[in-house]
Amino acid sequence: MTSATLAALTACLAVGAFASAHADTLSPDPFVTVSYHDLNIATDAGSQVLYARIVSAARQVCAPEDIRDLRAAAAAAGCRARAVAQAVQAVNSPALAAVHAAALQGHG
């Protein structure tokens with residue numbers, strides 16, 4: 001499969017939350033679709049932009065109801081980490097994986 005075909009097949013990526021972080025919401029598995037058809041994710045710049053979009057989407061779907069509730073805030077942080085990792089894996093891009101690894105190490 002060519003990279004152009006793969007990019008066309010994966011032009012949109014859904015970043016979903018885990019039900020445990022939003023057990024009391026109407027939708028048990030909220031998600032945000034992250035489009036990246038406008039990016040060249042083989043480049044560092046494109047991967048950086050996509051990663052920022054993924055992180056932003058994870059913040060949307062994994063936001064705690066009340067930031068003063070430490071358990072909810074911790075659950076939301078775990079939800080964001082899992083959602084970002086799942087989205088990065090779904091894209092299957094070495095450049096995006098490198099951006100994610102750098103962010104995990106505090107360099108991104």
Side-chain angles (χ1 to χ4, degrees):
M1 185 175 294
T2 68
S3 61
T5 304
L6 182 60
L9 292 175
T10 59
C12 289
L13 170 71
V15 176
F18 291 82
S20 63
H22 285 281
D24 58 347
T25 62
L26 295 176
S27 174
D29 294 317
F31 69 93
V32 172
T33 300
V34 178
S35 177
Y36 60 99
H37 68 277
D38 60 323
L39 302 173
N40 179 355
I41 62 169
T43 67
D44 185 55
S47 292
Q48 292 280 351
V49 172
L50 177 55
Y51 191 74
R53 290 179 188 177
I54 291 170
V55 169
S56 178
R59 284 186 182 132
Q60 284 182 279
V61 297
C62 298
E65 297 276 327
D66 181 357
I67 62 170
R68 297 171 294 179
D69 180 346
L70 296 180
R71 285 191 180 141
C79 172
R80 285 190 303 270
R82 288 186 303 273
V84 168
Q86 182 182 27
V88 167
Q89 183 178 10
V91 174
N92 195 28
S93 163
L96 182 62
V99 170
H100 180 60
L104 290 176
Q105 293 180 4
H107 298 115

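- Between Asp38 and Arg53 there is a salt bridge, with a side-chain nitrogen of the basic residue lying less than 4.0 Å from a carboxylate oxygen of the acidic one.
- A 4.5 Å side-chain heavy-atom check between Tyr36 and Ile54 finds every atom pair outside the cut-off.
- For the atom pair OG of Ser56 and OH of Tyr51, the computed distance is 12.5 Å after rounding to the nearest 0.5 Å.
- Between Arg68 and Asp66 a salt bridge is recorded (basic side-chain N to carboxylate O distance below 4.0 Å).
- Rounding to the nearest 0.5 Å gives a distance of 10.5 Å between CG of Leu96 and CG of Asp44.
- Taking each heavy atom of Pro64 and Arg80 in turn, the nearest pair found is CD-NH1, 4.4 Å.
- Heavy-atom minimum distance, Val34 versus Ala57: CG2-CB, 3.5 Å.
- In terms of heavy-atom proximity, Ala83 sits nearest to Ala58 at CB-CB, 4.1 Å.
- Looking only at distances, a side-chain donor or acceptor of Ser47 sits under 3.5 Å from a matching main-chain atom of Thr43.
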